[in-house]
Structure formats: C-alpha cells, structure tokens
2 protein chains.
Amino acid sequence: MSIQVQGVQQSFHGHTILEDLNLTLEPNKIYGLLGRNGAGKSTLLNIISNRIRPTHGTVTLDGESMHDNDHTLGKIYLMSEVNMYPERSRVKNLFKTTRLLYGGFNDAYAAKLVHAFGLDINARFGKLSTGYRSIFKLIIALCVPVDYVFLDEPVLGLDANHRELFYQELIETYSDQPRTFVISTHLIEEIANLIEHVFVLNDHHIIVNGEVPDILAKSYTISGPQTDVEAYTANLNIVGEDHLGGITAHYVYGALENDRPIPDTVKVDHLDLQKLFVILTNTKEEATAYVN
Amino acid sequence: MSIQVQGVQQSFHGHTILEDLNLTLEPNKIYGLLGRNGAGKSTLLNIISNRIRPTHGTVTLDGESMHDNDHTLGKIYLMSEVNMYPERSRVKNLFKTTRLLYGGFNDAYAAKLVHAFGLDINARFGKLSTGYRSIFKLIIALCVPVDYVFLDEPVLGLDANHRELFYQELIETYSDQPRTFVISTHLIEEIANLIEHVFVLNDHHIIVNGEVPDILAKSYTISGPQTDVEAYTANLNIVGEDHLGGITAHYVYGALENDRPIPDTVKVDHLDLQKLFVILTNTKEEATAYVN
C-alpha cells in the first residue's frame, strides 16, 4: 500500500526540471515537500496527480499505474496553487459541484470549517482575496474522501491566526481519519513539528529524504574560535559557514565523530529545519558543494 | 513632511471596511501594517495611493491633497498584491516601461537584484510562479525613486532564502537611501525586528499604533497556578488567556501595577509581536473584549 514514484524525469522546452526522481509515499503519514522557488515542487505534485505526464518514469498506487486510471485517481486529491475555478462562480456553487464529483464529501466538516475560517460562501470566487482563495481550496482538500491529499502552498496569503487554525484542523482531521498528506510550503518552521517525513527538492534531485527527527539529529551548528572550529570539523560534512565578529560557525550535516572529544571552546547545537533547508539549498557554491 | 490620513471611512455595497481612520506616516521610517485576512489593509494602501477614493476623509502629503495630484503621487509607489501586468509581456519589457515612467529608476540596483533573486527577465509575466511575480514586483518597488514605498504582501510565495535576501536588501537600500516603507504582511515574526512602528488594523479600526519596542514592552504573559494568576491580573488589561494542565496564562496588554509585588508562583514574560497580534485580533469575544 503506497505511491511509488520511479525514475521520473521532466523537461520543458529543453530545460530539465526533475531528474531521475524516486520516492515512496506510505499510507497515513504526513510529509513535507520543500524546495526553493522554481525547484519543481508543483511539477512533481502535478505529475503524481496525473495532471502532467512525465517525460520519463512512472507513478504507481499499490502497484497500479496512475496514468489516466480512474480507480487510482479517485484516491488522490491535489490542492493546487493554480486557480482552476471560474471567477464568476459563487463559492457555495463550487462546493456543490465538488460534492457531486466526490460521493463521500464531508459536508458537516466543510460547514464547520467555513464557519471557523469566516469564508463568505455567497462571494464569487474571483472576488476572494489570495488568503480566502487558499482557505476555500484547503477546505475542499480536507473534506474530500481520498487516501492521499497533496497540498501545494496551503497557507498562501493566510494570516497568522488562520494558519494556526489550519495546522490544528489538519492534526484533528488526520487523527479522526488517518490518511496521507503531502504539504508543500515555504513556511518551514511552522510545519516542522507537524510533518513526520521530509523531502527536499533541489537542483532537479531529492537531496533530503528522511524522517524529520533523524534529519534534525544529524544537523549541527559547530561554533567558536575559527581555528578550534576548523580543527574539530576537518573531517566532517560541512554544508555551510558563517562568521560574526571573532566567532565562526560551521554547519554540519551528518554524524559527528563520537570518538573525538569536543574542545571546551567549541559549542555544538542542533539546527532547526528551516535553517538547515536554507543552508542546503543556498545557491552559493560553497554552501552546496558538500551536500550528499 | 509626512503623509496624513484623516477621518478616512470606506464602505463597499453597504459594508463598512474602514471607519474614521487617522494615522501619520513620517519620512524615512519603516512601518508594519498588520491585520487579519479581509481587515482592509489593501483597501487602506489603495486609498493612500489614490487608487481608490475613500467614502469620507482625506489623505495629504506635506499638507497637499493626494487626490489626483501628480506632484504628490510621483512621490509614492504601491507594490500591490493585484497583478496589473499584461500576462504576455516579457519581464524585461516591463522593466523598460517602468524605467520610462520613472526618470530616476535605479537600473544598476535592479540588475543586481535580478541576478541575486535569479529572476528570468526573458520570461513572460504570466508564466512566472507566485513567488517570482512577487520578486519581480518587489524589485521594481525597491528601485523606483520615491519617498514612500508601500509593500502589500511583498514576500507572498517567496521561499525562505529569498525572504531572507529581501529583508537584507530592504535594510541595505534603506540605509543607503533613507525613505519610508510600509510593509503589509502575514509573516509577522519575520519583520518584527525590521519595522520601527506598527499599525494593527482590526474590526475597521486601528487598534495598535506605536513604536515596536514600546508595544512589546507593555505586552505580557502572566503564567502560573490559576488562582495566583487571577489575583495578580485582577485589575490589569487582560486580552486573552490559555490553560494547559494546571497552568493558566493571562495575556496582558498595558502597564503592570509596579507597586504590587509579583507572587513567587507567577512568571512574567514578554509576548512577541506575532503572538500579541494573534491574541488582539482573535475573533473570540473574550479575546478582544478588553482591547483598547
């Protein structure tokens, strides 16, 4: 039981977007899909959802191809950044249409969310602000009866209170009715405690693919006087560095050498997910040269 | 030398958006304009920029009305959330047009920013992602030679690295060439150290208008056993509360009574700007009843 992305490659007009991508999405798990602007996150989500056909490679659900397969496609839903709704349609009518398309649409939960977020269902879609367009789309995504929900920038334009509400509701609906969520977002710190597994897409490849606690356990800031820091990190996987006053910080991604004692002058801290992401995906050559 | 918004009131189709709004924007200062989704932030910025005429009230720059006044309007620029650019125009041509409109457009700085953000100037505007549309618009906003720059959601869709870059560039260009920036954003924590003065728009009114350090100095979390917390905060301006296990937290906005000792069981911390915002603008009656 899983979605398998195998050897997916995607080019547009001679530009490579994704190269030999492989990943597995297991049932009932919350994933984060992170990447820079233009890294190809939306392209990947569109490929998995059969909205774009990859140049090469396959996507399967429980072993069945997902290409134009009504059976498998009925099990997934993509909340896309693109606005595919007619501008003049009223929100309540768009809910009705969705209800017809999805037999088991959760009406009661949708009504609760409409009230909690203060969405005006009489408004025309085209008149909604960026934030309320996102709210409308995420309500649908949380209420469709599917096994895999893909959320592309679900909190785009949402205020802080609405973002908090969304994260709470996501946890609640996931507990009530476990299914898989894949969240693509630029607000990494806000979802760091919510996602179990993270993919980082960079330079056409997945450069991080692992459980969040495992990833964070091997992400370090080593700081102190430059010579001491350099001596200690000499054989480690340095992915970035900073200098401030007389202090040097090396960022290390990978195991420390436990048999080597840490000098008293050197401080070892863990990185948070957003900082790790920024370091690993920095375009400066020195910051990415050592990524593995 | 300032922009004065006086008695501004705005209604659309019988709905009140803004009510008797008064505020001053001084030269060479960075402001934050915060508010919930739908609070009317964009409406206010559009009124100040003469794109919308208010139902009542006036906006003046150095005493001159800004209504259809070419002289004063040449001194302000609004980077709007709305995409007003033709979808089929190439980015480089849109830069050319802007250059023709604004004599002193900073070409060298624009070229530097295009490179730093990795913006493809040969792309058509309509083909840019949400993040790159924001990047294009904010490059223009940072390079036009005006005294007042209004940034409506400048980091919408930007990844973490690009957001950091934008904040750094904003500080640099502001130091090089001081002018006034008004930043409207939902990512409050990220701009908390950048803005000097904050306006919070809620329920048609400005409910917070002050220097950021002053605002934070009088924003407190008082936590501890419920009875002790309640006894201490009895006469204070409680704007919200939380309960977790046996611990109660009261959020207080306003001065503490310095003559009253804080009990040993009670902990007093300061709130950060985002948390204060969430508490003050919460729609729950109990959270806003005491706001002043």
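The structure presented is a predicted model; accordingly, all values stated were derived computationally and were not measured. All chains are named by letter (A, B, ...) in the order of the sequence lines, taking the proteins before the strands, and each is independently numbered beginning at 1.
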Enquirer: Do any of residues 113-121 of chain B come closer than 4.5 Å to chain A, heavy atom to heavy atom, and if so which ones, in number order?
Expert: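 Within residues 113-121 of chain B, near chain A: nothing under 4.5 Å.
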Enquirer: Does any backbone or side-chain atom of A:Glu190 lie under 4.5 Å from a heavy atom of chain B? Answer side chain, backbone, both or neither.
Expert: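 Contact with chain B: side chain only.
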Enquirer: Select, from A:Glu164, A:Lys275, A:Arg163, the one with the greatest count of heavy-atom pairs under 4.5 Å involving chain B.
Expert: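 Most heavy-atom pairs under 4.5 Å with chain B: A:Arg163.
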Enquirer: Please output the residues of residues 154-161 of chain A in contact with chain B, using a heavy-atom cutoff of under 4.5 Å, in numerical order.
Expert: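 Heavy-atom contacts from residues 154-161 of chain A to chain B are A:Leu156, A:Gly157, A:Leu158, A:Asp159, A:Ala160, A:Asn161.
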Enquirer: Counting only heavy atoms from other residues, nucleotides and ligands, does the tally under 6.0 Å from CG of A:Asn122 exceed 12?
Expert: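 Yes - once you tally the heavy atoms of other residues, nucleotides and ligands closer than 6.0 Å, there are more than 12.
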Enquirer: State the CZ-CG distance between B:Arg133 and A:Asn37, to the nearest 0.5 angstrom.
Expert: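 Rounded to the nearest 0.5 Å, the CZ-CG separation comes to 13.0 Å.
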Enquirer: Got more than 12 heavy atoms from elsewhere within 6.0 Å of NE2, B:His15?
Expert: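 Not buried by this count: 12 neighbours or fewer within 6.0 Å.
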Enquirer: Name the member of A:His162, A:Gln274, A:Glu153 that forms the most heavy-atom pairs with chain B at distances under 4.5 Å.
Expert: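 Answer, by heavy-atom pair count under 4.5 Å with chain B: A:His162.
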Enquirer: Would you mind reporting whether A:Glu189 and B:Glu189 have side-chain heavy atoms less than 4.5 Å apart?
Expert: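 A side-chain contact is absent here, since even the closest heavy-atom pair is not under 4.5 Å.
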